[in-house]
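Per chain, numbering begins at 1; letters A, B, ... match sequence-line order. The figures that follow rest on heavy atoms only: side chains count, while hydrogens, waters and symmetry mates do not.
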Protein chains: 2
Amino acid sequence: MEKQSVTIYTVAREARVSMATVSRVVNGNPNVKPATRQKVMDVIKRLNYRPNAVARGLASKKTTTVGVIIPRITNPYFADLALGIDDIASMYKYNIILTNSDNDDEKVLKVVRNLLAKQVDGIIFMGYSMPDELRDELKSSNTPVVVAGSVINDDELATVRIDYENAAKEATLKLLDNAKDHVAFVTGPLKYVINSNDRLSGYKAALAERHVDFDDQLVVETDGTYQSSYDQAKKLVEAGVKAAYVSNDNLAVGLLNGLTDNGVKVPDDFEIISSNDTTYTKISRPTISSITQPLYDIGAIAMRLLTKLMDGNDSTTDEQDVILDHGFAQRQSTR
Amino acid sequence: MEKQSVTIYTVAREARVSMATVSRVVNGNPNVKPATRQKVMDVIKRLNYRPNAVARGLASKKTTTVGVIIPRITNPYFADLALGIDDIASMYKYNIILTNSDNDDEKVLKVVRNLLAKQVDGIIFMGYSMPDELRDELKSSNTPVVVAGSVINDDELATVRIDYENAAKEATLKLLDNAKDHVAFVTGPLKYVINSNDRLSGYKAALAERHVDFDDQLVVETDGTYQSSYDQAKKLVEAGVKAAYVSNDNLAVGLLNGLTDNGVKVPDDFEIISSNDTTYTKISRPTISSITQPLYDIGAIAMRLLTKLMDGNDSTTDEQDVILDHGFAQRQSTR
DNA sequence: CCCAAAATGGCAAACGTTTTCAACAAAAAA
DNA sequence: TTTTTTGTTGAAAACGTTTGCCATTTTGGG
């Protein structure tokens with residue numbers, strides 16, 4: 001790769017000013033006389049000068065780049081979040097280094113080390129758990145971190161999310177009130193705190209409120225894939241289950257299609273409420289009722305919060321935990 | 001932001017060697033005596049030294065970062081491609097700067113300028129068209145570019161894709177052969193060459209082969225969204241259309257649901273073949289027959305090709321245009 | 001007109017690496 | 001032994017910015 005042809009030095013020479021002045025012009029520093037500024041800008045345009053962001057990063061210790069960890073880019077839930085993140089990031093002139101973690105602790109650690117080596121100004125973490133080692137690394141690196149759309153085993157990190165517990169409770173209550181007694185909780189891996197803690201608690205709270213005994217046979221743990229819940233459909237029906245609150249849309253669609261393909265009518269014989277309100281819930285037939293989350297906003301707000309933190313508003317006092325409102329979309333999978 | 005505490009210099013001092021030697025150790029340069037190497041590695045571990053990638057980028061003129069332009073991260077088609085890209089990228093130790101272009105020429109230009117300023121080693125472009133200005137910029141920047149999963153108005157750029165024209169032709173033939181005479185082509189914006197050139201040509205070729213006259217009333221242009229084709233469903237049926245080849249899965253699902261919601265039976269009264277074989281085609285009911293594309297592979301191969309180009313294998317002679325095989329998945333939307 | 005204060009701009013030292021070149025040492029060949 | 005060759009290492013110059021500090025100019029009040 002050949003040397004960059006036109007540098008700040010070239011411009012300085014052509015404009016008969018110093019590099020410092022060019023730098024000031026480029027960065028909008030006010031301490032430069034309008035005439036000089038114009039002169040420099042003309043040269044910049046003429047030479048088509050483009051500042052080298054790497055050199056700038058080294059000198060200024062700011063890369064205007066943030067790292068984004070996403071479990072899987074093809075997961076619509078996280079993709080929606082990522083869209084919000086990206087929009088706000090580009091609004092604030094930040095770039096996004098995006099990497100899939102595949103929910104693999106090993107990989108996540110590697111990825112973050114990489115991001116830190118690249119001197120990102122901040123990190124947005126999406127995912128279901130954060131290895132201790134990673135947490136330590138992040139803390140000692142002193143890089144601002146915001147957790148978006150997920151709950152992890154750490155309460156010191158800034159987080160943007162909804163109240164998963166309450167949302168789960170409300171959904172479960174709705175199913176219980178539709179005169180169903182056998183309401184199951186179909187969930188992704190329980191090793192993720194968002195499932196095992198937040199959602200399960202909400203589910204239990206709803207049962208308690210309606211004086212229904214908790215039956216752990218009704219908590220159906222899956223690996224979170226479409227296929228896994230599709231396969232569970234038949235068993236659930238045979239077990240007499242009449243409704244299910246489902247922890248993610250993949251699972252909900254799988255369950256729905258599994259039921260339909262087995263001749264079970266939704267919502268007549270079985271009701272479903274899902275959790276994430278992604279496109280899946282709208283394109284399935286019947287459509288799936290769901291807790292609604294402002295996905296885009298969660299991403300957007302997380303990114304905005306991150307910019308604050310990166311600007312040094314450490315604001316340890318400020319609320320670091322933003323809980324957005326959720327809602328409910330009544331669709332065809334519930335009566 | 002405070003100064004980096006432990007640098008290559010610190011390590012060098014502690015290990016009583018020069019920076020050069022530390023650099024060699026870190027980069028696996030073989031010209032270091034094993035004993036020295038060990039000594040340096042010990043210090044690195046003890047001090048927990050992490051090389052600064054920005055400084056490295058400045059000195060070596062390689063950032064091990066590639067820019068990826070994606071129309072919209074939430075579009076499953078491109079998300080699948082992106083997954084392949086990311087996997088291979090991380091295999092080759094590259095990071096991905098991912099940005100949504102929203103298919104907006106202005107924005108794309110801005111984004112690419114940004115990427116170039118950040119000194120990315122290469123760019124993967126996904127999208128439906130490339131503004132002339134952008135093309136010029138890319139060429140003069142001398143940065144390797146690979147176009148993935150799309151066709152654009154330029155034949156000099158390396159591209160990885162399938163044969164959209166033939167795929168469209170085969171799909172249309174299938175529909176024609178199922179004894180339908182009124183086969184429509186429901187497409188996204190015709191200003192995109194992949195639609196107006198490749199797919200439309202394929203559609204026409206199929207008609208010609210079956211001696212069916214081309215009727216431009218049967219080419220239904222939409223804005224590419226779910227809703228747009230959903231809204232077209234009724235009109236199509238009223239116009240006597242019996243089947244449709246659809247240019248993307250969003251549209252196909254929209255059309256399908258529009259038909260179903262209007263009481264039209266698929267596939268009995270209307271057959272559909274879609275183009276991209278994303279999840280949508282599998283979770284809809286009925287499921288949608290589709291051309292199949294190795295989406296992940298397209299992304300993966302594009303990235304691999306890019307690494308070649310970045311390694312300087314300019315190989316102007318080599319095939320710069322990789323055409324992968326496509327297939328067909330028979331599902332419930334066709335007989 | 002003079003002088004202090006404000007505005008402007010230049011110098012040069014960072015920033016943390018890689019890399020070229022030369023030096024030196026050790027091993028091999030003569 | 002002497003000369004080559006090969007293998008290891010270090011010194012220091014890039015890489016292209018930003019920025020602190022100082023010098024010079026402008027400005028405006030008296």
Side-chain angles (χ1 to χ4, degrees), chain A residues 1-41 43-44 47-65 114 116-121 141, chain B residues 1-41 43-44 47-65 114 116-121 141:
Chain A
M1 196 173 274
E2 67 273 29
K3 217 160 101 169
Q4 188 168 318
S5 49
V6 25
T7 74
I8 199 173
Y9 175 74
T10 325
V11 175
R13 179 157 39 75
E14 290 280 319
R16 305 176 177 294
V17 297
S18 73
M19 288 159 48
T21 301
V22 178
S23 173
R24 289 188 192 102
V25 169
V26 168
N27 294 300
N29 182 316
N31 293 344
V32 43
K33 192 163 49 173
T36 316
R37 177 183 304 277
Q38 191 55 49
K39 185 172 60 176
V40 172
M41 295 221 294
V43 175
I44 287 178
L47 300 184
N48 196 27
Y49 164 68
R50 298 282 169 68
N52 179 322
V54 174
R56 183 188 302 218
L58 182 58
S60 69
K61 308 188 149 317
K62 300 227 171 267
T63 54
T64 57
T65 304
N114 222 278
L116 293 178
K118 287 246 160 93
Q119 315 293 121
V120 294
D121 296 336
S141 83
Chain B
M1 198 173 273
E2 67 273 28
K3 217 160 106 169
Q4 188 167 318
S5 49
V6 24
T7 73
I8 199 173
Y9 176 74
T10 326
V11 175
R13 179 157 41 74
E14 290 280 317
R16 304 176 178 294
V17 298
S18 71
M19 288 159 49
T21 301
V22 178
S23 173
R24 288 188 191 101
V25 170
V26 168
N27 295 299
N29 183 317
N31 294 341
V32 178
K33 191 162 50 173
T36 316
R37 179 184 303 280
Q38 192 55 52
K39 186 172 60 175
V40 172
M41 295 219 293
V43 175
I44 287 179
L47 300 184
N48 195 27
Y49 164 69
R50 299 282 169 69
N52 179 322
V54 174
R56 181 186 298 208
L58 182 59
S60 70
K61 310 189 148 314
K62 300 227 173 268
T63 54
T64 58
T65 304
N114 224 277
L116 294 177
K118 288 245 160 92
Q119 314 295 116
V120 295
D121 296 336
S141 83

For this session: Can you tell me the distance, in whole Å, between the CG atom of A:N29 and the C1' atom of D:dT17?
Result: 14 Å
For this session: Take the protein atom CZ of A:R24 and the nucleotide atom C1' of C:dG10, then report the distance between them rounded to whole Å.
Result: 8 Å
Seminar exercise, completed: Taken to the nearest 0.5 Å, the spacing of B:T10 OG1 from B:Y49 OH works out to 8.5 Å
Exercise. What nucleotide, of C:dA12, D:dT9, D:dG16, holds the atom closest to the side chain of B:K33?
Worked result: D:dT9
For this session: Any chance you could measure B:N31, atom CG, to B:T36, atom OG1, to the nearest 0.5 Å?
Result: 11.5 Å
Problem set entry | B:Q38 CD - D:dT9 P separation (whole Å) | 13 Å
For this session: Using only side-chain N and O atoms of A:N31, determine if any of them is under 4.0 Å from OP1 or OP2 of C:dG9.
Result: no
Exercise. In whole angstroms, how far is the P atom of C:dG9 from the CE atom of A:M19?
Worked result: 16 Å
Problem set entry | Whether over 12 other heavy atoms sit under 6.0 Å from B:R16 CZ | no
Exercise. Nearest to the side chain of A:A59, which nucleotide is it out of D:dG16, C:dT17, D:dA11?
Worked result: D:dG16
For this session: Have a look at B:V32 and say if it touches a base, only the backbone sugar-phosphate, or nothing, with a 4.0 Å heavy-atom cut-off.
Result: sugar-phosphate
Exercise. Between B:Y9 and C:dT18, is there a side-chain N or O to OP1/OP2 distance below 4.0 Å?
Worked result: no
Exercise. Checking all strands, does B:R50 fall into the base, sugar-phosphate, or nothing category for heavy-atom contacts under 4.0 angstrom?
Worked result: sugar-phosphate
Seminar exercise, completed: Regarding the side chain of B:L58, the nearest nucleotide among D:dT18, D:dT9, C:dG16 is C:dG16
Problem set entry | Separation of C:dT20 P from B:N27 CG (nearest whole Å) | 13 Å
Exercise. With a non-hydrogen cut-off below 4.0 angstrom, is B:V17 in contact with a base, only sugar-phosphate, or nothing?
Worked result: sugar-phosphate
Exercise. At under 4.0 Å, does any side-chain N or O of A:T36 touch on OP1 or OP2 of C:dG9?
Worked result: yes
Exercise. C:dG16 P sits how many Å from B:N52 CG, rounded?
Worked result: 7 Å
Exercise. Does A:K61 make a side-chain N or O approach to OP1 or OP2 of C:dA14 shorter than 4.0 Å?
Worked result: no
For this session: Compute whether any side-chain donor of one residue and acceptor of the other, for A:N52 and A:R50, lie under 3.5 angstrom apart.
Result: no
Seminar exercise, completed: The nucleotide from D:dT19, D:dT8, C:dT17 with an atom nearest the side chain of A:S23 is D:dT19
Exercise. How long is the line joining CD of A:Q119 and C1' of C:dG16, in whole Å?
Worked result: 9 Å
For this session: Classify the nucleic acid contact of B:R37 as base, sugar-phosphate or nothing, counting any heavy atom under 4.0 Å across all strands shown.
Result: nothing
For this session: Measure from the side chain of B:T21, starting at C-beta and using heavy atoms only, and say which of C:dT17, D:dG10, D:dG20 lies closest.
Result: D:dG10
For this session: Go through the side-chain N and O atoms of A:K118 and A:T65 and say whether any donor and acceptor fall under 3.5 Å apart.
Result: no
Exercise. How long is the line joining CD1 of A:I8 and P of C:dA12, in whole Å?
Worked result: 16 Å
For this session: Check whether any side-chain nitrogen or oxygen of A:S18 sits under 4.0 Å from OP1 or OP2 of C:dG10, and answer yes or no.
Result: yes
Seminar exercise, completed: Which of C:dT18, D:dT18, D:dT17 is nearest the side chain of A:Y49? It is D:dT17
For this session: Give, for atom CD1 of A:I44 and atom CZ of A:R37, the distance between the pair rounded to the nearest 0.5 Å.
Result: 10.0 Å
